[in-house]
*Asks:* 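Could you have a look at this structure, given as structure tokens, before my questions?
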Amino acid sequence: MPVKVSVIVPVYNPGIYIEDCVSSLLRQSLPPDEYEMIFVDDGSTDATPARLDALAAENPRVKVIHQEPSGWSGKPRNVGIAASEGEYVMFVDNDDYLGDEALERMYDYGVANGADVVIGKMAGKGRGVPVELFRRNRPRASVENAPLIDSLTPHKMFRRAFLDDIGLRFPEGRRRLEDHVFVTEAFLRADNVSVLSDYVCYYHVKREDASNAGFQRFDPAGYFKNLREALDVVERYTEPGAVRDRLQRRWLRIEMVERMRGRRLLDAPEDYRKELFEEIREVVVERFGPGVAAGLPLTQRTIAGLIAADRFDDVVAFAEWESSVALSAEPGSIRWEDGTLKIDLSAEYRVGGQPMTFPAGPSGAAPAGPPKDVAEAIGRVGADTVDQFGKATVDLLLRERASSAQYFQPVEVTREIVPVEGGEQVRLVLRATATVDPATAADGTAPDSGLWDARVRVRLGGWTKEGRLGPVPRKGRAAASAGVVAGRVVLPYWTDRGNLALDLDRASKRLGLSALAPEDVTVTGDRLRAPLPLYVPGDTEALLRLTGPTPTDVPATLSPDGSGAHLEATLAVGDLKGPARQLALCPAPTADERRFLALPVAVRTGAGSVQVVRPAGPGAVRQLARTVRRILGRIRAKAAAVIKARRT
């Protein structure tokens with residue numbers, strides 16, 4: 001079989017972190033003879049070279065190339081390209097790992113859309129990844145119709161013939177941003193780029209020791225010298241105008257302005273802040289025309305203006321103010337409607353724990369030029385935030401706790417301006433209702449089982465801020481009941497800190513089933529009926545198991561009953577002789593793996609009828625043990641009292 005994908009992994013002293021990478025590559029759903037793994041060891045001094053050689057000896061699709069240390073990832077990737085045989089090459093860092101179906105999905109998507117570059121959805125484990133790019137699948141994307149420029153890491157799939165045709169390789173040597181130069185040129189010269197957003201393909205991992213190459217402190221002069229090379233690529237392949245300005249704006253925004261903001265600036269050593277500022281200012285003045293900063297929100301534009309005007313102290317003072325601005329997101333009603341979970345929420349900014357206020361009324365256009373002082377800068381930003389409030393957005397994302405996979409949920413938003421302080425100031429409050437469908441996630445795919453945290457993302461006033469939905473004080477926590485939707489058991493619940501989360505197909509406790517009592521269950525003839533505190537959108541097939549040495553399963557139905565459901569099943573009365581048999585419910589009888597939820601009742605025949613009783617299980621044994629301990633304690637206490645009385 002021709003090799004479809006060559007996975008290229010540059011390796012340098014990864015230690016144990018390479019194990020997750022290797023395991024994920026060996027688990028790929030793409031048939032083993034359709035992909036190869038090329039590990040390029042760049043002079044590792046740990047046990048990794050021997051580990052890789054042993055792997056290659058066991059697996060014919062593994063190639064290992066050892067070379068003298070080059071100092072960075074560019075040369076190892078180029079060596080891997082030269083050794084590759086695949087139609088596509090996929091770059092993976094030795095600290096990271098892939099989703100099990102990543103290669104198959106990305107390859108099929110790339111071939112179906114004639115893509116030179118395929119970008120698979122990323123999840124960040126301790127480090128940031130693009131979010132807006134992965135709102136939806138983008139079969140035909142370019143720098144003009146999608147935020148591709150936000151994703152410049154090399155962790156993508158590239159058609160090998162495309163790289164050869166244009167002669168594209170990574171810059172080599174010990175340097176920074178070699179991936180920016182490579183990926184930017186690929187974006188600008190590709191006939192098509194495809195973005196796959198309905199499956200997490202790449203997990204970008206921050207090592208516990210924070211020793212990833214990208215987290216090491218860098219030399220500002222060398223870093224921004226390398227950054228200029230990426231700007232050179234943009235200028236080489238674009239004409240002056242809006243597209244070039246928008247692309248260059250990415251480096252101004254992310255690599256420069258964002259380094260001069262809030263805690264990111266304030267947490268850096270003072271001498272290092274100044275050194276960064278000087279190098280950034282030199283690039284801003286030297287390379288960016290007025291159209292680059294003009295497209296930024298006013299908050300970022302203000303910082304860019306202060307940088308260009310060489311006002312370092314004001315940049316620091318503005319960062320101190322910005323660091324006090326935080327997002328507050330509070331949940332409202334949480335309820336089931338038509339098979340979906342509706343979550344009401346409100347969100348606004350706070351300063352020092354109090355709602356942030358803004359000047360009432362429109363301000364008109366912001367004055368030209370940088371502000372005369374930080375107070376004026378803050379005033380301009382506040383007025384502009386009110387002006388732009390009609391464009392503010394709020395999103396609800398569900399993020400899986402273990403994998404960090406996340407998906408946007410549909411949201412309806414209203415914007416409310418709330419007068420305060422006699423009408424001279426206002427609060428800007430975003431109110432939203434999110435719809436969570438347990439049966440489908442992004443682009444119709446079913447969400448995985450797991451624990452999903454609800455997170456709120458707000459774009460307002462030049463800030464994009466994200467945080468958990470909550471916290472809610474213990475007395476105010478009220479969530480919808482657990483639900484059974486499309487065969488999935490969904491439990492909305494509050495974490496210990498009062499944040500909203502969803503348990504999908506994992507919960508066996510906190511479902512409310514323990515409240516069912518024998519007297520709540522009725523048996524008429526062979527028909528059993530029981531009320532359960534579960535939401536169901538309509539009549540739902542289920543399975544009822546009578547446990548015992550030989551379990552008996554009978555078809556059952558869950559039907560809506562007010563805010564809950566009632567369970568109905570026909571019992572095999574003739575099979576109920578002997579000890580009482582506990583009941584267990586399977587809400588998804590057609591699933592590949594049936595999962596039963598224990599009910600706190602049992603049935604048995606007696607006196608010519610079916611009786612419903614408490615099951616004799618570990619709970620009953622524990623209760624008996626507690627009773628025995630109490631009785632023994634009383635006996636010991638009485639004996640001690642008698643002995644004491646005799647002694648006196």
Side-chain angles (χ1 to χ4, degrees), residues 327-348 350 393-401 405-416 429-442 446-458 465-515 531-538 540 558 560-565 587 597:
L327 174 66
S328 171
E330 299 179 356
S333 170
I334 304 169
R335 62 201 181 277
W336 289 102
E337 288 184 9
D338 301 325
T340 62
L341 192 64
K342 299 288 187 178
I343 302 175
D344 294 337
L345 62 96
S346 61
E348 65 178 318
R350 291 180 177 267
T393 63
V394 58
D395 288 299
L396 182 80
L397 296 94
L398 291 183
R399 179 177 297 171
E400 209 280 317
R401 196 171 299 166
Q406 62 182 13
Y407 294 100
F408 286 93
Q409 305 301 303
V411 173
E412 295 180 0
V413 182
T414 59
R415 301 167 183 84
E416 183 178 349
V429 182
L430 292 161
R431 304 194 187 279
T433 298
T435 301
V436 178
D437 187 348
T440 58
D448 293 331
S449 300
L451 302 178
W452 295 80
D453 292 315
R455 301 186 66 86
V456 177
R457 180 179 173 88
V458 168
K465 293 187 176 292
E466 182 182 312
R468 298 287 295 275
L469 184 54
V472 174
R474 189 171 297 277
K475 291 184 178 180
R477 299 176 188 176
S481 63
V484 176
V485 179
R488 318 294 297 271
V489 178
V490 184
L491 173 66
Y493 73 98
W494 302 105
T495 66
D496 291 342
R497 295 186 178 182
N499 297 310
L500 183 66
L502 298 182
D503 186 320
L504 185 57
D505 286 335
R506 296 280 185 90
S508 57
K509 300 179 180 179
R510 294 197 290 185
L511 296 174
L513 300 179
S514 60
L532 297 179
L534 298 174
Y535 167 82
V536 291
T540 301
L558 290 169
D561 186 7
S563 59
L597 304 172

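Because the structure is a prediction, the values reported are computed rather than measured. The figures here come from the full heavy-atom set of this structure, side chains too, leaving out hydrogens, waters and symmetry mates.
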*Asks:* Side-chain contact test, heavy atoms from C-beta onward, threshold under 4.5 Å: evaluate it for Pro331 versus Val472 and give yes or no.
*Replies:*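 Answer yes - side chains close enough.
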*Asks:* Just by distance, do the side chain of Asp561 and the backbone of Gly564 share a donor-acceptor pair under 3.5 Å?
*Replies:* no
*Asks:* Determine the minimum heavy-atom distance between Leu341 and Ala480, stating which atoms define it.
*Replies:* CD1-CB, 3.9 Å
*Asks:* Should we say atom CD of Glu412 is surrounded by more than 12 heavy atoms from elsewhere, each under 6.0 Å from it?
*Replies:*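 No, the 6.0 Å shell around CD holds no more than 12 heavy atoms from other groups.
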*Asks:* Taking all atoms of both residues into account, what is the closest heavy-atom pair of Ala432 and Val394, and its distance?
*Replies:*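 It is CB-CG1, 3.7 Å.
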*Asks:* Heavy-atom distance under 4.5 Å between the side chains of Pro537 and Val485, does that happen here?
*Replies:* yes
*Asks:* Going from CZ on Arg510 to CG on Asp503, what distance comes out if it is rounded to the nearest 0.5 angstrom?
*Replies:* 7.5 Å
*Asks:* Indicate the atoms forming the closest heavy-atom contact of Leu513 with Leu532, along with that distance.
*Replies:*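 Heavy-atom minimum between the residues: CD2-CD2, 4.2 Å.
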*Asks:* What distance do Ile334 atom CD1 and Ile343 atom CD1 have between them, rounded to the nearest 0.5 Å?
*Replies:*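 One gets 6.0 Å once the value is rounded to the nearest 0.5 Å.
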*Asks:* So which atom in Pro471 and which in Arg497 form the shortest heavy-atom distance, rounded to 0.1 Å?
*Replies:*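 Heavy atoms only, the tightest pair is CB-O, 3.0 Å.
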*Asks:* Rounded to the nearest 0.5 Å, what's the gap from OH on Tyr493 to NZ on Lys509? Could you check?
*Replies:*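 Nearest 0.5 Å value for the OH-NZ distance: 14.0 Å.
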*Asks:* Do Asp437 and Thr340 have a side chain donor and acceptor closer than 3.5 Å?
*Replies:*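 Side-chain D/A pair, Asp437 to Thr340: absent.
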*Asks:* Should Leu397 and Tyr407 be marked as a side chain to side chain contact (heavy atoms under 4.5 Å, CB included) after you check the CA-CA gap, both sets of side-chain angles, and the distance that decides it?
*Replies:* CA-CA 5 Å; Leu397 296 94; Tyr407 294 100; over 6 Å; no
*Asks:* Given side chains that start at C-beta, do those of Trp494 and Leu500 come closer than 4.5 Å, heavy atoms only?
*Replies:*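 A side-chain contact under 4.5 Å exists here.
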*Asks:* Whether the side chain of Ser514 engages the backbone of Gly512 through a donor-acceptor N/O pair (distance < 3.5 Å, no angle test) should be reported.
*Replies:* no
*Asks:* Tell me whether Trp336 contacts the main-chain N or O of Ser481 through its side chain, where contact means a donor paired with an acceptor under 3.5 Å.
*Replies:* yes
*Asks:* Atom CD in Glu400, atom CG in Leu502: separation rounded to 0.5 Å?
*Replies:*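 These two atoms lie 11.5 Å from each other.
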*Asks:* Quick one: does Tyr535's side chain have a donor or acceptor within less than 3.5 Å of a partner on Pro560's backbone?
*Replies:* no
*Asks:* Would you name the heavy atoms of Ala482 and Leu511 that are closest together and state the gap between them?
*Replies:*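 Looking at all heavy atoms of both residues, the shortest contact is CB-CD2, 3.5 Å.
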*Asks:* Out of curiosity, Leu398 CG to Gln409 CD, how far, rounded to the nearest 0.5 Å?
*Replies:* 4.0 Å
*Asks:* Do the side chains of Val456 and Leu345 get nearer than 4.5 Å, heavy atoms only?
*Replies:*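 Yes, close enough: below the 4.5 Å cut-off.
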*Asks:* So, for Asp448 and Arg488, which heavy atoms are closest and what is the spacing to 0.1 Å?
*Replies:*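 Closest approach of Asp448 to Arg488, heavy atoms only: C-NH2, 3.9 Å.
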*Asks:* Any heavy-atom pair between the side chains of Val490 and Val484 that's under 4.5 Å?
*Replies:*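 They are not in side-chain contact.
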*Asks:* Decide yes or no for Ser328 and Glu330: does some side-chain heavy atom of the first lie under 4.5 Å from some side-chain heavy atom of the second?
*Replies:* yes
*Asks:* State the CG-CG distance between Leu534 and Leu597, to the nearest 0.5 angstrom.
*Replies:*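 Going from the CG atom of Leu534 to the CG atom of Leu597 covers 8.0 Å.
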*Asks:* Within the 4.5 Å heavy-atom criterion, are Thr435 and Lys342 side-chain neighbours or not?
*Replies:* yes
*Asks:* Of Arg401, Gln406, Arg399, which is the lone residue that meets side-chain hydrogen bond (donor to acceptor under 3.5 Å, both in side chains) with Asp453?
*Replies:*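 So the option named by the test is Arg401.
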*Asks:* Decide whether Ser333 and Arg335 meet the rule of one side-chain donor and one side-chain acceptor closer than 3.5 Å.
*Replies:*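 The answer is yes; a qualifying pair exists.
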*Asks:* Identify the residue among Glu466, Arg350, Arg468, Lys465 that makes a side chain to side chain contact (heavy atoms under 4.5 Å, CB included) with Leu327.
*Replies:*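 Testing each of Glu466, Arg350, Arg468, Lys465 against Leu327, the sole residue satisfying side chain to side chain contact (heavy atoms under 4.5 Å, CB included) is Lys465.
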